[in-house]
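Written out below as structure tokens is the structure these notes cover.
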Amino acid sequence: MEGVDKEKVQRIIYEMSKGSKYFENEKRKEAFIKQKIESLRAQRAKLTEKDISHFQMIVNKRILELDGSRDLSKIWLHTDMDAFYAAVETLENPLLKGKPLAVGGMSMICTASYEARKYGVRAAMPGFIARKLCPELIFVPTNFGKYTYYSEKTRNVFSKYDPDYIATSLDEAYLEITEICKQRSISSEEVAAELRNTIYQETGLTCSVGVAPNRMLAKFEFQLVEIGYTDLIALYWNIPVCSDINKPNGQFILPNDRDAVMTFISSLPIRKVGGIGKVTEQILREVLGISTCTEILQKGALLHALFSHCSTGWYFRY
DNA sequence: TACATACAC
DNA sequence: CATGGTGTATGTA
């Protein structure tokens with residue numbers, strides 16, 4: 001986010017953390033990951049040209065299969081309420097409007113308003129550090145009853161667009177809008193705009209929406225896991241990242257078109273892909289120099305060589 | 001099978 | 001002073 005002095009934020013977090021039990025534990029974990037990285041690097045160094053071309057063949061075949069099985073016929077929409085808990089609190093107490101606000105307490109905060117984020121305050125940050133970053137930060141304790149109440153309201157709207165909508169948390173859901181677009185002969189963009197507007201009318205809250213041709217179907221993910229090749233998920237697309245792009249109160253439409261999908265994916269940092277977190281990101285970067293999804297495809301053979309051992313071994317047992 | 005780690009919210 | 005609670009998936013012994 002612009003206007004955040006990242007270095008200063010990092011320094012304050014470090015100053016407040018060092019010496020604590022939490023900090024020591026983090027250091028221990030980091031050392032463990034370093035070790036893992038070293039061992040993977042060693043494995044990588046042992047691979048011969050022949051090994052690599054062998055894995056390359058397997059990977060090429062798999063990529064072709066995946067490319068061929070891509071389904072561009074559906075339209076999926078992902079919604080994500082903007083700073084949900086903070087927005088609900090502000091709605092019920094307008095005095096909080098425009099103020100840096102954190103929902104939670106001194107030990108942990110769940111949500112930070114956008115004003116608070118300008119100071120580097122984030123969800124999942126301990127409150128006492130957040131207060132150091134932003135001394136005028138207002139704390140409100142969590143009221144899950146309220147959030148559930150507003151969540152119900154948004155879900156009533158969702159069900160009008162897709163009765164089988166999939167809620168993944170109080171403030172997020174997936175909707176399949178293929179039918180509704182067809183029935184009413186309107187574009188997914190119009191559906192997204194209308195949905196956002198309806199939610200605002202019904203609740204007074206804003207949300208961000210992403211539209212794309214797939215939501216990484218559970219069945220499909222399962223197949224990838226079976227072959228021990230989770231990382232190829234990046235070949236597909238991740239709808240949550242779409243709703244992330246024009247946040248807050250925005251929308252992003254990825255057309256049902258192979259080239260558009262590939263272009264979108266290619267420069268996407270792997271960290272944005274669901275399932276790739278802080279640790280996996282570090283391992284892929286430091287072992288194989290991978291940081292974008294394109295590089296995942298380019299280095300597919302090495303990935304397969306280093307990360308599919310267990311699964312292949314699992315197959316050999318049968 | 002059981003335990004630890006990683007991830008997401 | 002102080003670093004969550006819950007659910008899911010994966011890797012490993």
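Source: prediction; values computed, not measured. Below, read A as the first sequence line, B as the second, and so on, with proteins coming before strands; counting in each chain starts at 1.
A/K21 comes within contact range of no nucleotide atom at all, as no heavy-atom separation falls under 4.0 Å. A/S17 comes within 4.0 angstrom of a nucleotide base, judged by non-hydrogen atoms across all strands. No engagement by A/N25 is indicated, since no non-hydrogen atom pair under 4.0 Å with the nucleic acid exists. Residue A/I129 is classed as a base contact, given a heavy-atom separation below 4.0 Å to a base. Contacts of A/E172 with the nucleic acid, taken as non-hydrogen atoms under 4.0 Å apart, involve only primed sugar atoms and P, OP1 or OP2.
Annotation: C/dA2 and B/dC7 have their C1' atoms spaced 24 Å apart (nearest Å).
Aromatic pair A/F252/A/F264: centroids less than 6.0 angstrom apart. Less than 6.0 angstrom separates the ring centroid of A/Y14 from the ring centroid of A/F23.
Listed nucleotides: B/dC9, C/dG4, B/dC7. Nearest to the side chain of A/D171: B/dC9. With B/dC7, C/dT3, B/dT5 as the candidates, the nucleotide lying closest to the side chain of A/Y22 is C/dT3. Listed nucleotides: C/dT3, B/dT5, B/dA6. Nearest to the side chain of A/M108: C/dT3. Comparing B/dT5, B/dA6, C/dG4 against the side chain of A/V279 picks out B/dA6 as the nearest. Considering only side-chain atoms of A/P126, the nucleotide from C/dT3, C/dG4, B/dT5 that sits closest is C/dT3.
If you measure from atom CD1 of A/I276 to atom P of C/dA9, you get 17 Å, rounded to the nearest angstrom. Summarising the geometry, the separation between CG on A/L170 and P on C/dT6 is reported as 14 Å, rounded to the nearest angstrom. Separating the CZ atom of A/R131 from the P atom of C/dC1 is a distance of 10 Å, rounded to the nearest angstrom. When rounded to the nearest whole Å, the span between CZ of A/R122 and P of B/dA8 equals 16 Å. Between A/R271 atom CZ and B/dC7 atom P the separation is 7 Å, expressed in whole Å. One can place NZ of A/K278 at 13 Å from C1' of B/dC7, the figure rounded to the nearest angstrom. Residue A/K29 contributes atom NZ, which lies 9 Å from atom C1' of B/dA6 at whole-angstrom precision. Nucleotide C/dG11 holds its C1' atom 10 Å from the CZ atom of A/F32, rounded to whole Å.
Shown are A/I199, A/T198, A/N197; of these, the side-chain contact (heavy atoms from CB on, under 4.5 Å) with A/L195 is made only by A/I199. Screening A/F144, A/Y150, A/Y149 for a ring-ring contact (aromatic ring centres under 6.0 Å, His included) involving A/Y147 leaves a single residue, A/F144.
Along DNA chain C, the nucleotide nearest to A/K36 and the one nearest to A/F128 differ in position, and the one closer to the 5' end is contacted by A/F128.
With salt bridges taken as basic N to acidic carboxylate O contacts below 4.0 Å, none links A/K278 and A/E281.
In this model, no side-chain donor or acceptor of A/S20 finds a partner on the base of C/dT3 within 3.5 Å.
Cation-pi geometry between A/R117 and A/Y114 is met: under 6.0 angstrom from the ring centre, within 45 degrees of the axis.
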